S.K.: 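For reference, the structure I am asking about is given below.
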Number of protein chains: 4
Amino acid sequence: MSPMHKAQDPHFAERVRASFSRQQAMTLIGARMPVIEAGYTEIHLPHKAEITQQHGFIHGGVVGMIADSAAGYAASTLTGHETGVLTVEYKLNLVAPAEGQLLIAEGSVVRYGRTLIVTRAEVFAINHGKKNLCALMQQTIMAVHGKKEKAL
Amino acid sequence: MSPMHKAQDPHFAERVRASFSRQQAMTLIGARMPVIEAGYTEIHLPHKAEITQQHGFIHGGVVGMIADSAAGYAASTLTGHETGVLTVEYKLNLVAPAEGQLLIAEGSVVRYGRTLIVTRAEVFAINHGKKNLCALMQQTIMAVHGKKEKAL
Amino acid sequence: MSPMHKAQDPHFAERVRASFSRQQAMTLIGARMPVIEAGYTEIHLPHKAEITQQHGFIHGGVVGMIADSAAGYAASTLTGHETGVLTVEYKLNLVAPAEGQLLIAEGSVVRYGRTLIVTRAEVFAINHGKKNLCALMQQTIMAVHGKKEKAL
Amino acid sequence: MSPMHKAQDPHFAERVRASFSRQQAMTLIGARMPVIEAGYTEIHLPHKAEITQQHGFIHGGVVGMIADSAAGYAASTLTGHETGVLTVEYKLNLVAPAEGQLLIAEGSVVRYGRTLIVTRAEVFAINHGKKNLCALMQQTIMAVHGKKEKAL
């Protein structure tokens, strides 16, 4: 959570939810975004065979996808409503296989700047009620003023 | 290409091809691996609506997925046939939207070590015959001796 | 701080302090390590002209140096006394100029594994009593069993 | 080398050389910049005891310092003379100890954009006439128009 962040757009949650829902790639893998706060979002992804690698765990690339999106949208909650965000780059450590029934990617803003926003994400696998860390990310986001939406 | 690399497993191409084909997540997005050389692989991904973000370009997270896999499998071409590879971490710069009819991720080994292998990937979008760089990655792979396959 | 970490070597603080004191590069820039806990260290670096860039702030490369070392030694506090640690790689975001009288790099272990340890560091500039974030790092450390010391 | 790059400032070499010479931290460690081309620079650093770690090799943090600077100045060769550059972030893999009589950091621009520039660096240790790779970096640079110099 990011109790120190204050949104400048009072409708940030609706704006982020609408943008997320237009990403067909998120629909394809079955991702949802049930938590949207100022400076923080969560993406939940239930296990299904179609998104696995050869050992039956959720594919590392898919883990990266939801980490990137959760953190990028966390940045988006803090921008003005006419400002888009771009992922400049991110760095992801995969620390354990994504073994379990559900993945939760928690994205949060670490430092908000007018042009560049630094975020982090942690991805946990929920396995029979236990929450295990499987990935950690540090990311750089660029705010593009006058553009309406998350663009990458 | 990596003309300086020599494979220790003469059947590396079959081994990598078989491992790739068992990754259901790659099937889901429509990725193929038409090029497998010693220290180098290519993943090709045709555009389709299901893998886009809201502007109709291929999703940045999907770009990361194929970069990670192409480079990880490039490492796998150089290991022994009883050695698995794990993605320890990677860092990806997204430099342009993935606009075009086809994405090509070119993964290559930069430094091969017995335990740790450093790789790079470049992702290009082919747009009406022009090849544009859209992402650059640097990655760390761990070789796990005695395990048969790419595990993350 | 890392209250969840437990050191396996009861003499970790003496061991880390001795290793740090043998790093002539740390002496050269004037760095000290006044805090050594299980899973956590701090490096303090007073401003002096010799370590600045052309605007009079401490050089970004020096900021990276103390972030890398603080986090690497945080990993070292948790290993056995016959285990060395190597920096595999790190990723550093520089978010503000290092303007002030003192820099403090806070390194901590995020995930401890037998072979690979993931750490983070934050570097703050103390400027007339205010503590401002100037850099954030995520790092991968390898434990080398049977080697006595931090090697890079 | 980067034969595809063209400098917009005809006096880029003098400008970069002057900026480098004002960085006292580079003087402190004994670094020189003997090669400045459009999109490419080299920093050379002779071994001396003051910049070593406890095993007598050049400190990993010092390796990072010259990688960061070589790549940042490579970006600076391509900007206008009234444009400063800032290191947004970098990711560095340390692949071998910096064992030898001389280090050479080769920085080059991979993708030049008006606001963001992606660069890479490779650091080699020259040991009794052999050139060994010891580090690889990927970096993001921001161009700050209307500011005259490298600022971090």
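Since the model is a prediction, treat every value here as computed from it, not as a measurement. Order of the sequence lines fixes the chain letters, A, B, ..., with proteins taken first and strands second; residue numbering starts at 1 for each chain.
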S.K.: Relative to chain B, which segment of A:T27 carries a heavy atom at a distance below 4.5 Å: side chain, backbone, both, or neither?
M.R.: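 For A:T27, no heavy atom lies under 4.5 Å from chain B.
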
S.K.: Look up atom NZ in A:K91 and atom CG in B:N93, then write down how far apart they are to the nearest 0.5 Å.
M.R.: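 Taking NZ in A:K91 and CG in B:N93, the distance rounds to 13.0 Å.
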
S.K.: Look up atom CG in B:L28 and atom CD1 in A:I29, then write down how far apart they are to the nearest 0.5 Å.
M.R.: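 Going from the CG atom of B:L28 to the CD1 atom of A:I29 covers 8.5 Å.
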
S.K.: Under a 3.5 Å threshold, yes or no: a donor from one side chain and an acceptor from the other, between B:Q54 and A:Q23?
M.R.: yes

S.K.: Quick one: of A:E50, A:Q139, A:M137, who has the most non-hydrogen atom pairs under 4.5 Å with chain B?
M.R.: A:E50

S.K.: Under 4.5 Å, counting heavy-atom pairs only, tell me which of A:T52, A:V62, A:L136 racks up the most with chain B.
M.R.: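 Max contact count across the listed options: A:T52.
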
S.K.: Counting heavy-atom pairs closer than 4.5 Å to chain A, which one of B:I51, B:T140, B:L92 comes out on top?
M.R.: B:L92

S.K.: If you round to the nearest 0.5 Å, how far is OG of B:S69 from NE2 of A:H59?
M.R.: 3.5 Å

S.K.: Can you tell me how far CD1 of A:I58 sits from CD of B:Q24, rounded to the nearest 0.5 angstrom?
M.R.: 12.0 Å

